[in-house]
Structures are given as C-alpha cells and as structure tokens.
Amino acid sequence: MIKVQAEDFDIGAALATLTAGKTHVGALASFVGLVRDIAGEHRIASMTLEHYPGMTERALAGIEAEARARWPLDDVLIVHRYGRLEPGDRIVLVATTSAHRDAAMNACHFLIDWLKTKAPFWKLEDGSGGAAWVAARDSDDDAAERWQTSPTAQKSPTST
Amino acid sequence: MIKVQAEDFDIGAALATLTAGKTHVGALASFVGLVRDIAGEHRIASMTLEHYPGMTERALAGIEAEARARWPLDDVLIVHRYGRLEPGDRIVLVATTSAHRDAAMNACHFLIDWLKTKAPFWKLEDGSGGAAWVAARDSDDDAAERWQTSPTAQKSPTST
Amino acid sequence: MQVLYFGWVRSKIGVPGEDIRPPADVATIADLIVWLKGRGHGYAEAFRDLSIVRAAVNQEMAQLDAPIRAGDEVALFPPMTGG
Amino acid sequence: MQVLYFGWVRSKIGVPGEDIRPPADVATIADLIVWLKGRGHGYAEAFRDLSIVRAAVNQEMAQLDAPIRAGDEVALFPPMTGG
C-alpha cells in the first residue's frame with residue numbers, strides 16, 4: 001500500500017495493520033526517516049518536501065512492484081509525507097512483511113534506497129545557512145545501484 | 001537497551017522511546033519476529049521459548065556492543081520474549097537509530113542475524129507433528145557468518 | 001503541452017508550470033529545453049547544466065532525447081531526493 | 001559445580017540442572033561430558049553427538065576443551081535458536 005500525505009503517521013498503528021490476523025508472517029521489517037537538525041555545517045529550522053502529485057504515487061507503486069518481484073513478500077507499506085516539516089518529524093515509513101527475515105530486511109533496505117533516487121520528491125531546507133535545495137548525493141546513487149546487479153529473485157546482495 | 005521478558009511488547013511505544021526528543025536522529029530501523037503457524041509440513045499450535053536467565057542478558061548486551069562498535073548508532077533496543085507463544089505472537093523486536101540510514105539498516109540486520117545463533121534461546125514447537133525442538137539451521141549460521149568478514153567500522157557488507 | 005517544474009528548476013523559472021505551444025521542430029525534451037532557454041534569464045539559469053536535469057513524460061521518467069508531442073505532460077526537475 | 005541443561009539436552013537428561021562433584025581428573029568440559037555420560041541413559045542420549053553440543057562456563061560461551069574448576073557454572077545445550 002502506498003500513501004502520499006501531508007499528515008503525520010502513527011508507526012505502531014501502521015505496522016499493526018501489516019500483521020493483524022496473519023499467522024503465516026514471520027518477519028516485519030521497517031524503516032522510518034526523520035528530519036535532522038543539522039545539514040553539513042548548518043542548523044536546520046525546517047524542511048519542505050515538494051513532490052509531483054500523480055507521478056509520486058505511480059513511482060512508489062512501481063518501486064513496490066519491483067520489490068515484490070524480487071522477494072517473496074506478504075505485504076509492503078510506503079507512507080511518504082510532503083509539505084513543511086521540522087527536525088524530529090517523520091518523513092517516510094517503509095515496511096515489509098514476509099515469512100522469512102532476509103526477504104523482509106532486504107526488501108525494506110532496497111525500498112528505502114530506491115526511494116531516495118527514484119521517487120519524485122525534492123527537499124528545501126531552511127536554517128542558519130538560508131534556504132537551499134538539498135542536492136542529490138552520489139552515495140545515494142551508489143546505494144540504489146548496488147541493487148541493480150541481480151534483477152530477479154535476489155536473495156541478498158550480502159551473500160555471494 | 002536489552003529487555004528479556006515473558007510479556008508482549010508494544011512496537012509503537014517501544015520505537016517512540018528511541019527517537020523522542022532526538023532531532024539528530026535521521027533513521028530508525030526495526031525488525032519484529034513473529035511465530036508462524038507452519039514449520040515444514042506441520043501446523044504449529046504453540047512455540048515455547050526456553051532461555052538461560054543471566055546469560056541471555058549478557059549475550060544480548062554483547063551483541064549490542066558489537067553493533068555499536070561497527071556502526072555509528074544513537075541507540076539500540078532489543079526486546080526478546082520467552083515462554084509459551086502462539087502463531088501471530090511477537091517474539092523479538094530489534095531497533096536501531098542513527099544519523100544515517102545505512103548504519104541503522106545494516107546494524108538492525110546484523111543484530112537479528114547474530115541473535116539467531118548467539119543468543120541462548122531454544123524453541124520447542126508443538127503442533128500436528130507433536131512436540132519438537134527447533135533445530136539450528138545452516139542458513140542462520142551462514143547469515144551470522146557473513147558479518148564476520150570486516151570486524152570494525154563496517155559500512156555495509158552489500159557495498160564492495 | 002503542459003510543462004511542470006519542480007525543485008530548483010521551479011525556483012529559478014519562478015512558476016510551477018505552464019501551458020506552452022512550442023514550434024513544430026521541437027520534437028524531443030532536449031529540443032524543448034533549448035527552446036525554453038530562449039524565454040528568459042530564469043530558464044537559462046535553470047537549464048545551464050543539463051547533466052543535473054531530469055525529465056518525465058506523462059509521469060514516467062524519460063531521457064532527454066525522448067520524443068514529445070502536443071498533449072503530453074512534460075516535467076523538468078533536478079535529481080530526486082526522496083526518503 | 002553447578003551444571004545447567006537447556007533445550008533437548010535438558011529434555012533428554014530430564015532435569016534443568018544439578019549440583020555435581022566430578023572427580024579431580026575432570027579438567028575440561030569434554031571430560032565433564034564423558035563423566036556425565038556414565039551417569040545414565042538420558043545423559044548418553046543427550047551427549048551422543050558432540051558436534052551439536054554447545055557449552056558455556058560462567059555464562060560465557062566456551063569450547064569443549066575449555067578448563068573448568070569447582071565453583072564454575074557450566075551449561076550444556078544445543079545450538080541456539082534465538083530471534
């Protein structure tokens with residue numbers, strides 16, 4: 001399930017829906033991204049997330065489909081916020097469930113890595129350095145790239 | 001923080017304590033293991049977790065210390081239950097926080113992999129196949145082993 | 001043709017999007033960008049370094065040499081920073 | 001010396017632990033296991049295959065050739081299955 005919203009989300013409630021009544025699920029992995037108060041040398045007062053309505057939902061659904069094609073997942077949840085956020089605020093929740101822990105963990109890691117470079121969001125930070133758009137990072141490209149090697153039924157990029 | 005307990009835990013409340021008031025944390029990764037209703041060909045009615053009081057806490061604290069030595073973590077939480085559980089019940093929660101997502105995700109994956117083979121728990125399953133102790137799996141040994149290669153300051157076993 | 005701008009592409013151009021009618025020889029996204037750069041200083045600033053400009057046609061990512069036609073929704077933006 | 005059993009080692013021996021006084025020539029965990037096997041059928045069953053027996057001395061994992069002494073807490077158990 002994909003949710004793109006301005007409102008905050010409740011992590012516990014969101015995760016509970018993924019496993020409720022499902023006794024075949026053995027593993028629930030999740031990742032939450034939060035706004036940090038520091039960017040380089042500057043203190044951050046706020047971060048405004050701009051997105052591309054319509055395309056955002058399509059891109060996230062495509063990333064979810066890619067994860068489901070690679071791992072045997074029971075469910076996938078992506079909640080991504082937009083709008084003005086402050087340090088400590090939640091930005092994104094990614095959660096996966098599976099019978100097995102490696103599938104859930106790897107798919108969760110994959111999803112957040114791909115989100116970083118393949119979901120149409122742009123971040124404007126405001127703080128002690130003035131307002132500045134967050135630049136894409138090479139390390140995020142590298143993180144997304146490392147999942148490219150084995151397109152299907154990948155068990156884990158850590159095992160060889 | 002390490003908790004070894006018979007009682008269930010509240011995922012949302014547990015995760016909230018890790019980030020409350022901490023605006024330098026950018027990433028929260030977590031894993032929850034749950035009792036499955038199937039083991040091989042047998043339906044499972046219950047799973048009883050035996051543990052070694054005293055050593056369990058020491059072993060988990062040692063695993064936490066190892067994770068903190070390898071990644072720049074803000075906090076680590078491990079909650080592991082013992083006693084009689086039924087399908088769908090939560091067994092274990094592992095959660096990590098860090099400024100950066102790779103540290104949080106990799107440390108969380110590391111912790112659950114090491115828990116599987118290095119924390120003194122033993123599982124007795126009861127169900128359609130009668131009562132049987134769960135045998136250690138080679139795949140769990142392999143999963144723990146893959147983290148052995150780089151003893152300190154490991155960024156990620158997925159990157160080369 | 002609907003054109004949308006995001007991130008610092010939008011900041012520099014000054015509008016979130018516009019309805020445009022480029023001449024008939026604008027056949028690709030790259031052609032469109034060249035044509036847009038002639039519309040003013042903000043556009044020229046936004047598209048100065050094409051290595052950091054990304055594009056989507058009808059909400060799907062596209063290379064700059066991808067064809068476009070009347071009725072398409074074309075979006076131009078910096079590399080994405082989600083998550 | 002306090003000996004503790006867990007998992008199917010405990011099931012087969014039938015008690016969770018016991019206070020024992022092995023003879024003076026029992027210097028290692030392996031010696032202790034050999035001595036325990038002489039105490040009855042359950043012990044012999046529990047320690048039939050030493051490749052799947054693990055041990056801890058004073059709550060720290062130890063190899064089977066590790067030395068033990070009076071006053072130690074020695075635990076014998078199958079490979080762990082946590083998480």
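Convention: sequence-line order gives letters A, B, ...; per-chain numbering from 1.
Shortest non-hydrogen contact noted between B:F121 and D:G82 is CB-CA, 3.8 Å. Nearest heavy-atom pair, D:A56 versus B:M55, reported as atom, atom and distance to 0.1 Å: CB-SD, 3.7 Å. Considering every non-hydrogen atom in both D:S11 and B:W133, the closest pair reads OG-NE1, 2.8 Å.
Among the candidates D:R10, D:E73, D:Q59, the residue making the largest number of heavy-atom pairs closer than 4.5 Å to chain B is D:Q59.
Remark: D:T81 OG1 to B:L124 CG distance equals 10.0 Å, nearest 0.5 Å. To the nearest 0.5 angstrom, B:K118 atom NZ is 8.5 Å from D:M61 atom CE. The distance from atom CD of B:E50 to atom CZ of D:F77, rounded to the nearest 0.5 Å, is 11.0 Å. Here CH2 of B:W122 is found 11.5 Å from CZ of D:R54. Values are rounded to the nearest 0.5 Å.
For B:D138, the CG atom is loosely surrounded, since the number of other residues' heavy atoms within 6.0 Å does not exceed 12. Other residues, nucleotides and ligands place more than 12 heavy atoms under 6.0 Å from the NZ atom of D:K37. The number of heavy-atom neighbours closer than 6.0 Å to CD of D:Q2, taken from other residues, nucleotides and ligands shown, is above 12.
Proximity to chain D is limited to the backbone of B:A135, based on heavy atoms less than 4.5 angstrom apart. When heavy atoms are compared at a cutoff of 4.5 Å, D:L4 approaches chain B solely by way of its side chain, counted from C-beta outward.
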